[in-house]
Amino acid sequence: MSMKKRITVQLCVVGGIAIVVTTMLSMFVYYMMFQRQIFSDLETNLEVIEVLFGDGTIENGCQIPSEDVLRVTLIDQEGAVLYDSDANSFSMENHKERPEIKEALKEGIGKDIRVSNTIGQNTYYYAKQIGNNYVLRVAKEANGMLALFYEALPIIIVVAILLLLICSLLAKYLTKRIVRPIENMAQELSLITEFEEIVPYEELIPFATMIKDQHSNIHKQLRDLEHSEKIRQEFTANVSHELKTPLTAITGYSELIEEGIASQGDTIRFAKEIRKNATRLLHLINDIIELSELDIAEEEVKKEELDLYEIAKNCTDTLKITAKNHEVELKLIGNKVMLYANKNMMEELITNLCDNAIRYNKKGGIVKVVLYSKDENVILTVEDTGIGIPKEHFARVFERFYRVDKSRSKQTGGTGLGLAIVKHIVAKHGAKITLKSEVMIGTTVTIEFPSQNKVEKK
Ligand code: ADP
């Protein structure tokens with residue numbers, strides 16, 4: 001059943017109940033008033049008759065007037081009927097036990113209502129003691145409650161039908177008024193910014209909040225999806241482009257050698273170029289594989305207890321030759337620091353940072369790798385005296401294939417993926433990376449591993 005129908009029906013039921021109860025109550029009140037009116041009439045009648053009755057002796061021949069509707073009875077204090085205007089019932093039994101007579105003898109005035117033979121008709125008795133010897137009683141037949149009801153029934157039915165009609169019309173209107181704001185809300189729900197404006201009833205706020213949250217969640221997921229899809233496409237385009245350049249060079253040089261027009265010296269030079277480009281391709285592919293592995297590994301990486309100093313030592317030893325080629329001094333400062341981490345990733349991390357620090361350095365420059373613990377955390381800094389990174393590039397250097405100086409990166413064998421890999425590894429270890437750099441002065445990269453990654457020294 002629709003909400004509207006339900007509310008309308010319930011309002012109509014309430015209206016119906018109200019009509020019935022009101023009818024019954026007003027019938028009852030009307031009946032009470034009717035009774036009072038009859039007794040008041042009887043009292044007046046009795047008073048008139050009493051005056052006519054004079055000094056109270058029936059023997060003096062006073063005729064007690066009586067109409068058809070009004071029955072007058074005179075009774076002595078013993079209950080014997082002395083006179084009755086209703087001739088048929090003149091020879092009646094003793095009246096002493098009749099409630100109204102009993103009451104009149106005791107209190108002066110007595111009343112009673114008794115059901116008369118006729119259906120729905122009652123006889124109303126009003127009795128009054130006169131002097132010490134007599135009780136004068138007047139009686140009248142009139143409608144009882146039921147008869148009154150039957151009499152009023154047509155009017156009651158007409159009025160009730162009218163009221164019900166009005167009720168149902170009103171119920172329809174009220175239902176519309178109650179439901180309309182909800183319908184409006186349902187329509188505007190997708191555009192909700194401020195609830196208070198469109199949620200019509202406070203009871204609906206949790207409901208609206210839930211829908212809004214779901215809405216924004218779906219939107220967010222969609223945006224994230226679109227975003228990652230865009231990044232994926234960009235990455236694919238970038239990879240293709242990066243692969244194309246060395247391959248074009250390799251093809252070109254090998255063609256020249258193939259044609260046999262190159263001199264001995266040229267051939268050696270071309271071969272060197274081919275090897276350089278092949279190495280670049282290898283680096284690039286290695287980095288891409290590394291990144292895709294980091295991307296795929298959804299679950300926790302395999303970690304173990306390891307001495308970060310030992311790993312740093314191995315890395316710097318390996319890089320000594322590169323450093324020497326760039327005329328840069330590579331220093332490692334610190335001692336044993338235990339860390340709970342992935343060994344390969346730590347090697348990759350330190351190598352990438354040191355490699356950058358060497359490649360973007362100046363002749364005679366220094367690269368310092370420092371390891372220490374601070375407040376339970378392990379801190380690794382790689383500091384160089386190189387060309388630095390302008391502030392506006394800080395955020396972007398961690399993006400895939402983003403380079404500040406493209407030619408320098410390529411000349412030194414950069415792939416543009418080093419810092420992207422670093423960022424990934426840092427994230428996998430719940431660590432924090434900070435970049436500090438000043439152009440032509442140097443760069444410091446700091447990585448802070450949280451305490452849960454550190455293992456107590458044994
Ligand atoms: P690349 O392979 O080109 O070095 P990275 O992702 O490692 O790629 O670094 C991105 C860019 O950030 C580099 O191209 C370079 O411009 C800049 N960069 C990284 N490390 C340093 C550094 N130590 N000093 C100066 N510039 C740096």
Side-chain angles (χ1 to χ4, degrees), residues 231 234-235 237-246 276-295 312 315-316 318-319 322-323 325-333 345-370 380-428 431 433-447:
I231 285 187
E234 265 174 27
F235 184 66
N238 278 329
V239 166
S240 318
H241 181 77
E242 296 283 335
L243 290 173
K244 211 174 155 186
T245 324
K276 210 177 99 190
N277 279 293
T279 313
R280 218 164 98 73
L281 268 179
L282 217 62
H283 274 159
L284 199 63
I285 288 164
N286 270 338
D287 278 357
I288 290 166
I289 290 170
E290 177 83 20
L291 256 182
S292 66
E293 273 173 1
L294 281 166
D295 276 342
C315 295
T316 47
T318 314
L319 284 164
T322 323
N325 287 343
H326 283 84
E327 292 174 47
V328 168
E329 192 189 344
L330 182 56
K331 285 200 255 183
L332 174 63
I333 301 160
M345 288 188 186
M346 288 304 111
E347 279 170 354
E348 184 80 23
L349 179 90
I350 295 171
T351 308
N352 277 342
L353 289 176
C354 291
D355 191 51
N356 281 351
I358 294 165
R359 287 191 295 117
Y360 302 107
N361 220 316
K362 290 175 266 184
K363 277 195 174 137
I366 300 169
V367 174
K368 253 198 294 190
V369 180
V370 187
L380 161 76
T381 64
V382 179
E383 195 184 331
D384 66 57
T385 55
I387 58 166
I389 304 168
K391 268 215 159 56
E392 63 268 27
H393 296 280
F394 272 24
R396 300 209 65 190
V397 289
F398 293 99
E399 287 175 16
R400 294 165 186 198
F401 295 117
Y402 189 83
R403 295 146 163 135
V404 179
D405 181 348
K406 224 176 178 118
S407 62
R408 178 156 185 152
S409 162
K410 285 191 173 169
Q411 258 170 30
T412 54
T415 58
L417 294 173
L419 285 184
I421 293 170
V422 166
K423 187 182 151 193
H424 240 310
I425 293 173
V426 164
K428 293 259 180 212
I433 184 162
T434 37
L435 182 66
K436 252 195 243 161
S437 184
E438 231 165 288
V439 176
M440 293 324 282
I441 291 178
T443 305
T444 308
V445 179
T446 308
I447 293 166

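Counting starts at 1 for both ligands and their atoms, following the listed order.
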Quick one: pull up [atom1] in [X] and [atom2] in [Y] and give me the separation to the nearest 0.5 Å.
{"X": "Leu353", "Y": "Ile358", "atom1": "CG", "atom2": "CD1", "result": "11.0 Å"}
{"X": "Leu282", "Y": "Asn277", "atom1": "CG", "atom2": "CG", "result": "12.0 Å"}
{"X": "Ile433", "Y": "Leu380", "atom1": "CD1", "atom2": "CG", "result": "9.0 Å"}
{"X": "Asn356", "Y": "Thr443", "atom1": "CG", "atom2": "OG1", "result": "9.0 Å"}
{"X": "Glu290", "Y": "Asp295", "atom1": "CD", "atom2": "CG", "result": "10.5 Å"}

So for ligand 1, is Val404 a polar contact partner (N or O within less than 3.5 Å, distance only)?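 N/O-N/O distance under 3.5 Å: yes.
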
Taking distance alone, with no angle check, do Ile389 and ligand 1 share an N/O pair under 3.5 Å? no

Using heavy atoms and a threshold below 4.0 Å, how should the contact between [X] and ligand 1 be classified: side chain, backbone, both, or neither?
{"X": "Tyr402", "value": "backbone"}
{"X": "Thr443", "value": "side chain"}
{"X": "Leu417", "value": "backbone"}
{"X": "His393", "value": "neither"}

Go through it in stages, so that I can follow the logic: the residues are Lys428 and Glu348, the test is salt bridge (Lys or Arg N to Asp or Glu O under 4.0 Å), and I'd like the CA-CA distance, side-chain angles, deciding distance and then a yes or no. CA-CA 13 Å; Lys428 293 259 180 212; Glu348 184 80 23; over 6 Å; no

On a heavy-atom basis, which atom in Phe394 and which in Lys436 lie closest, and how many Å separate them? CZ-C, 4.4 Å

4.0 Å heavy-atom contact, Gly386 with ligand 1: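 No, Gly386 has no heavy atom closer than 4.0 Å to ligand 1.
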
Any non-hydrogen atom of Arg408 lying under 4.0 Å from ligand 1?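 Flag not set, Arg408 not near ligand 1.
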
I need the nearest protein heavy-atom contact for [atom]: residue, atom name and distance, please.
{"atom": "atom 23 (N) of ligand 1", "result": "Asp384 OD2, 2.9 Å"}
{"atom": "atom 5 (P) of ligand 1", "result": "Leu419 N, 3.5 Å"}
{"atom": "atom 7 (O) of ligand 1", "result": "Asn356 ND2, 2.8 Å"}
{"atom": "atom 13 (C) of ligand 1", "result": "Tyr360 OH, 3.3 Å"}
{"atom": "atom 12 (O) of ligand 1", "result": "Val397 CG1, 3.3 Å"}

Numbered atoms of ligand 1 (with element) below 4.0 Å of [X], judged on heavy atoms:
{"X": "Arg359", "result": "1 (P), 2 (O), 4 (O)"}
{"X": "Asp405", "result": "16 (O)"}
{"X": "Gly416", "result": "1 (P), 2 (O), 3 (O), 6 (O), 8 (O)"}

Expected list for residues 411-418: side-chain donor-acceptor pairs under 3.5 angstrom, two or more places apart:
{"from": "Thr412", "atom 1": "OG1", "to": "Arg359", "atom 2": "NH1", "distance (Å)": "2.8"}
{"from": "Thr412", "atom 1": "OG1", "to": "Arg408", "atom 2": "O", "distance (Å)": "2.8"}
{"from": "Thr412", "atom 1": "OG1", "to": "Ser409", "atom 2": "O", "distance (Å)": "3.1"}
{"from": "Thr415", "atom 1": "OG1", "to": "Asp287", "atom 2": "OD2", "distance (Å)": "2.6"}
{"from": "Thr415", "atom 1": "OG1", "to": "Leu417", "atom 2": "N", "distance (Å)": "3.2"}

Evaluating non-hydrogen atoms only, which member of Ser409, Ala420, Ser437, Gly414 is closest to atom 3 (O) of ligand 1?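 It is Ser409 whose heavy atom sits nearest to atom 3 (O) of ligand 1.
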
Check whether Ser437 reaches the backbone of Gly388 with its side chain - one donor and one acceptor, N or O, closer than 3.5 Å. no

Backbone N/O of Met440 and side chain of Lys362: donor-acceptor pair under 3.5 Å: yes

